[in-house]
Chemist: 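Okay, handing you the structure first.
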Amino acid sequence: MTDPYEPQSFEPGWAQRWESEAVYAVPDDPGGKPKRFVMEMFPYPSGDLHMGHVENYTIADAMARYWRMRGYCVMHPMGYDAFGLPAENAAIKRGIHPQDWTLSNIAKMRSSFLRLGYSYDWAREVISCLPDYYRWNQWIFLEMYRRGLAYRKTSPVNWCPVDKTVLAKEQISTGVCWRCGSVPEVRDLTQWFLKITDYSDRLLDDMDQLDWAESLLTMQRNWIGRSQGAEVVFKMKPDGSDETRDFPVFTTRPDTLWGATFFVLAAEHPAAAEMVAGTPQEGEYQAFVDDIRRQSEIDRLGAKGAGRGMRLPAVAINPVNGEEIPVWAADYVLMGYGTGAIMAVPAHDQRDFSFARKHNIPIRVVVQPDGEEPMDGDTMTEAAPGTGVLVNSGPFTGTRVDPQTQEGILDVIAWLDRQGLGRRQVNYRQRDWLVSRQRYWGTPIPIIHCPFCGEVPVPEEELPVLLPPQADYTPTDAAVSPLANNSDFVNVICPKCGGEARRETDTLDTFFDSSWYFLRYCDPQNDQAAFRPEKVAAWGPVDNYFGGVEHAVMHLIYARFFTKFFKDIGLLEFDEPFLKLFNQGHVSWDGKEMSKSTGHVIEAAAVIDAFGADSARTFILFSSPPAADYDFPADGYGEIGRVANSWLSRVWRILQDPSGEPVPDALNRQVHRTVKAITADMEEFGLNTAIAKMMELVNAFSKAGGPVPREAAEKFLRLLAPIAPFMAEELWHRYGNTDSVHRQPWPDYDEALAAVENVTMVVQVNGKVRDRMEVPAEISADEMKELALGSARVKEYLNGNEPLKVISVPPKLVNVVVR
RNA sequence: GCCGGGAUGGCGGAACGGCAGACGCGAUGGUCUCAAACACCAUUGGGCGAAAGCCCGUGCGGGUUCAAGUCCCGCUCCCGGCACCA
């Protein structure tokens with residue numbers, strides 16, 4: 001008599017027991033065993049867990065369990081990225097304090113994590129919004145400040161004139177303020193930056209230590225955007241004046257200097273405003289700049305913008321030939337890149353070309369591409385950015401140039417240098433990291449502004465600067481950050497001179513929190529330091545990091561930057577935080593992103609309630625390869641959840657009462673083959689195909705009839721344990737075992753038993769299958785050829801002729817090429 | 001716009017350059033049942049054919065190769081990122 005499969009009857013018991021017995025806890029030092037630090041990107045606690053979370057966390061948990069069974073001492077921690085905008089939005093909308101909202105969400109998520117049986121070491125939990133964590137953010141910030149890596153400068157923000165608050169990009173995604181619908185303004189604020197650009201070269205060069213997808217490394221490389229070129233100094237002469245002023249530009253193509261037909265300043269360049277001040281064009285310019293500043297950079301450079309420009313009352317003098325060229329202000333030049341000004345060579349740069357055509361600016365060819373008719377600037381339809389020979393280029397006419405190899409270009413730079421007109425320069429697209437946020441729900445920046453002493457760091461013994469619990473997080477007039485309304489918080493005594501001073505009211509970007517939490521996992525309760533170097537040395541760096549590709553840049557670059565900083569100040573011995581990165585696919589529902597705030601979400605708890613945690617785990621792993629995106633069907637999880645549940649029921653039924661019989665030879669061979677194949681799959685994170693192979697083995701058990709021999713059944717349970725840990729544990733114990741299945745070693749296999757004896761050899765004629773033969777697996781190429789030529793089907797096609805060629809790929813395939 | 005990724009039956013997907021569609025769902029037929037559910041068995045890419053078998057087929061158009069879903073060139077559409085969502 002078999003019991004029905006009722007996961008709800010045993011899953012909660014095992015979950016509780018694993019937790020109370022701390023089955024997955026690891027010591028501060030892994031000791032003699034090989035260590036493996038496995039972690040997932042910690043979640044933002046926006047509500048309860050949804051199936052998108054379940055995908056990422058189940059993949060990582062299955063792998064962590066697999067590695068544990070393979071003999072690693074696995075540290076697998078979990079935490080919460082708990083500061084951030086949604087908590088504040090919820091607070092403003094519903095009147096709940098951000099902390100209450102956040103902590104109650106964390107409680108829900110933790111309970112779902114436990115129900116799903118994830119093998120976390122719960123003693124290492126990290127919650128970034130609590131003072132015992134964020135005080136170390138403040139400490140880190142001050143360490144950076146002391147070393148000149150944190151500084152202030154002016155930067156624009158979007159400002160809602162009605163709500164009197166700074167708007168995040170997300171809060172104006174429709175172009176207007178999310179709360180009141182008014183059109184945002186742009187304001188300049190003095191804000192904190194981290195000098196990540198000091199690390200650009202190392203961030204690029206150390207990439208060769210990383211076992212990450214090449215596509216992701218490419219994204220990081222492009223984000224940092226190192227480019228070689230030259231700085232060339234133009235002179236700028238305002239109309240009606242003889243005074244000139246030096247104006248350097250960065251260019252990767254100094255070889256095309258003789259083709260510059262205009263000069264462009266970033267629309268918002270202060271020099272542009274200066275030039276039009278007091279002239280009739282002042283109003284026109286102001287309107288032009290306002291229009292452009294309202295747009296995001298993407299719109300400004302993209303299809304919606306790009307190409308808007310205004311002629312300025314000045315000329316620029318080309319240093320190589322003394323030519324005077326018109327000066328424009330344009331949207332496609334950015335203040336933050338290079339010097340905020342460019343020389344424009346429309347014949348050889350596509351953006352310059354489009355702009356020149358639009359504004360009827362002459363186009364002059366100075367690089368004649370190889371093997372083409374001489375080009376004419378008036379008739380060409382697109383820029384020619386490639387290689388060729390310089391023409392109309394003074395002393396360099398006739399020189400070959402190639403942007404790929406820098407051929408010719410380096411000679412031009414050397415010449416510019418000798419003439420005192422320019423010099424070699426490396427430029428980066430990456431900018432310093434803006435960490436200031438004018439928000440309540442974040443880490444207070446530990447700086448005091450004193451009218452006499454200037455910026456004064458909060459003394460270390462006074463950390464943490466606590467977020468005032470009762471602070472009003474709704475905005476009011478005149479205050480830039482909600483914290484600025486709190487006079488108890490703001491008004492302080494200067495630690496240096498003892499006079500009256502004001503506390504900094506900006507908080508830190510939440511990416512700051514997520515840049516080092518993996519280090520805190522190694523020493524989560526430390527109240528004397530962010531972490532002890534020995535503890536991090538014992539576990540770090542992270543061996544396997546699991547997370548979405550949406551973090552390809554930003555988070556992953558920031559965390560790499562922090563790691564290098566910690567190494568520089570002597571706290572770490574490694575350069576890179578995450579050795580191997582796995583990007584799981586993105587989970588959506590009916591083509592749309594799951595989102596707690598819109599209610600378009602499939603909650604993990606609903607799936608567990610309906611089918612059990614093992615089913616939830618199994619179906620999310622089986623339904624698509626871990627790296628691929630998965631879109632839930634419009635009608636939700638019902639169908640697919642039932643499918644996983646019914647397969648697990650089948651496993652339950654077939655494996656419930658094993659026999660003491662020996663394993664029959666044929667079945668035993670299949671078990672060994674399956675262990676071998678699944679082991680190979682697990683090594684490649686192939687969880688969906690691993691499950692498919694388990695299904696095949698279960699089908700074989702079923703076909704064999706009768707109870708499954710216990711030896712085979714126990715091997716199967718060990719294969720199943722990483723995927724469906726509850727059922728594996730329950731059956732394992734029902735067999736009379738007393739230790740946990742999760743402490744068992746991964747099953748091994750016998751090469752000889754796993755080997756196949758016979759294979760089907762395919763016989764092709766001209767690449768099309770015409771015959772099949774059963775042959776021994778160790779057949780030689782010649783034997784195959786002989787067999788193939790003996791085939792009646794092949795003879796039909798040969799028609800008495802000799803084959804042109806016979807390709808033999810032992811033991812699978814022979815291709816006979818005829819005529 | 002720029003950077004990165006993707007597209008295979010009715011559906012999720014499988015496939016070291018070597019039998020396209022493993023495994024599963026769904027569907028169809030059957031066994032069991034008074035009946036159903038469950039379970040089990042069989043068939044299931046499209047077309048032609050009585051059958052043997054033949055032809056077509058991995059988003060679109062070219063190419064390389066004895067052989068292309070896989071490699072190369074050119075497109076289309078979808079997804080992610082583009083610096084204040086995390």
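Convention: sequence-line order gives letters A, B, ...; per-chain numbering from 1. Every heavy atom of this structure was used, including side-chain atoms; hydrogens, water molecules and symmetry mates were not.
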Chemist: Contact class for Arg351(A) (heavy atom, under 4.0 Å): base, sugar-phosphate, or nothing?
Modeler: nothing
Chemist: Quick one, give me the B/S/- string for nucleotides 64-73 of chain B, reading 5' to 3', where B means a protein heavy atom under 4.0 Å from the base and S means that only happens at the primed atoms, P, OP1 or OP2.
Modeler: --B-------
Chemist: If you measure from the C1' atom in rU76(B) to the same atom in rC38(B), how many Å do you get, rounded?
Modeler: 47 Å
Chemist: Taking protein heavy atoms under 4.0 Å as touching, what does nucleotides 77-86 of chain B look like 5' to 3' if B marks base contact, S marks sugar-phosphate-only contact and - marks none?
Modeler: --SBSBBBSB
Chemist: Which part of the nucleic acid, if any, lies within reach of Tyr630(A) when heavy atoms closer than 4.0 Å are counted: base, sugar-phosphate only, or nothing?
Modeler: sugar-phosphate
Chemist: Output one letter per nucleotide in nucleotides 41-54 of chain B: B when a protein non-hydrogen atom lies under 4.0 Å from the base, S when only the sugar-phosphate is that close, - when neither is.
Modeler: ------------SS
Chemist: Would you kindly give the CE-to-C1' distance between Met784(A) and rG18(B), to the nearest whole Å?
Modeler: 10 Å
Chemist: Is there a side-chain polar atom (N or O) of Arg653(A) under 4.0 Å from OP1 or OP2 of rC40(B)?
Modeler: yes
Chemist: Over how many whole Å does the gap from Leu216(A) atom CG to rG6(B) atom P extend?
Modeler: 13 Å
Chemist: Can Arg650(A) and Asn699(A) be counted as having a side-chain donor-acceptor contact under 3.5 angstrom?
Modeler: yes
Chemist: For RNA chain B, please output the secondary structure as dot-bracket, reading 5' to 3'. Pairs are Watson-Crick or G-U wobble, both atom distances under 3.5 Å; mark crossing pairs with [ ], other-strand partners with |, unpaired with a dot.
Modeler: (((((((..(((.....[....)))((((((.......))))))((((....))))..(((((..]....))))))))))))....
Chemist: Hey, which of Phe83(A), Tyr517(A), Trp516(A), Phe42(A) is the one that makes ring pair (Phe, Tyr, Trp, His ring centres under 6.0 Å) with Tyr133(A)?
Modeler: Trp516(A)
Chemist: Could you check Phe512(A) against Tyr558(A) for ring-ring contact (aromatic ring centres under 6.0 Å, His included), going step by step and ending with a plain yes or no?
Modeler: CA-CA 8 Å; Phe512(A) 198 104; Tyr558(A) 297 148; 9.8 Å; no
Chemist: Checking Thr760(A) against Glu774(A): is there a side-chain donor and acceptor pair closer than 3.5 Å?
Modeler: yes
Chemist: Atom CG of Leu648(A) and atom P of rG24(B): how far apart are they, to the nearest Å?
Modeler: 14 Å
Chemist: Closest nucleotide of RNA chain B for Arg772(A) versus for Asn699(A): which of these residues is on the 5' side?
Modeler: Arg772(A)
Chemist: Using atom P of each nucleotide, how far apart are rC72(B) and rG80(B) to the nearest Å?
Modeler: 26 Å
Chemist: In terms of ring plane angle, is the pair His555(A) and Phe578(A) parallel, tilted or perpendicular, where the classes change at 30° and 60°?
Modeler: tilted
Chemist: Select base, sugar-phosphate, or nothing to describe what Pro625(A) touches, counting heavy atoms under 4.0 Å on all strands.
Modeler: sugar-phosphate
Chemist: Can you tell me which residue pairs pass the salt bridge (charged side-chain N to carboxylate O under 4.0 Å, His left out) test with a partner in residues 684-700 of chain A, sequence neighbours excluded?
Modeler: Asp681(A)-Lys693(A)
Chemist: Would you say rG18(B) has OP1 or OP2 under 4.0 Å from some side-chain N or O of Lys768(A)?
Modeler: no
Chemist: How would you list, by chain and number, every residue that makes a ring-ring contact (aromatic ring centres under 6.0 Å, His included) with Trp589(A), sequence neighbours excluded?
Modeler: His600(A)
Chemist: Of the nucleotides rG5(B), rG13(B), rG26(B), which one has an atom closest to the side chain of Arg642(A)?
Modeler: rG26(B)
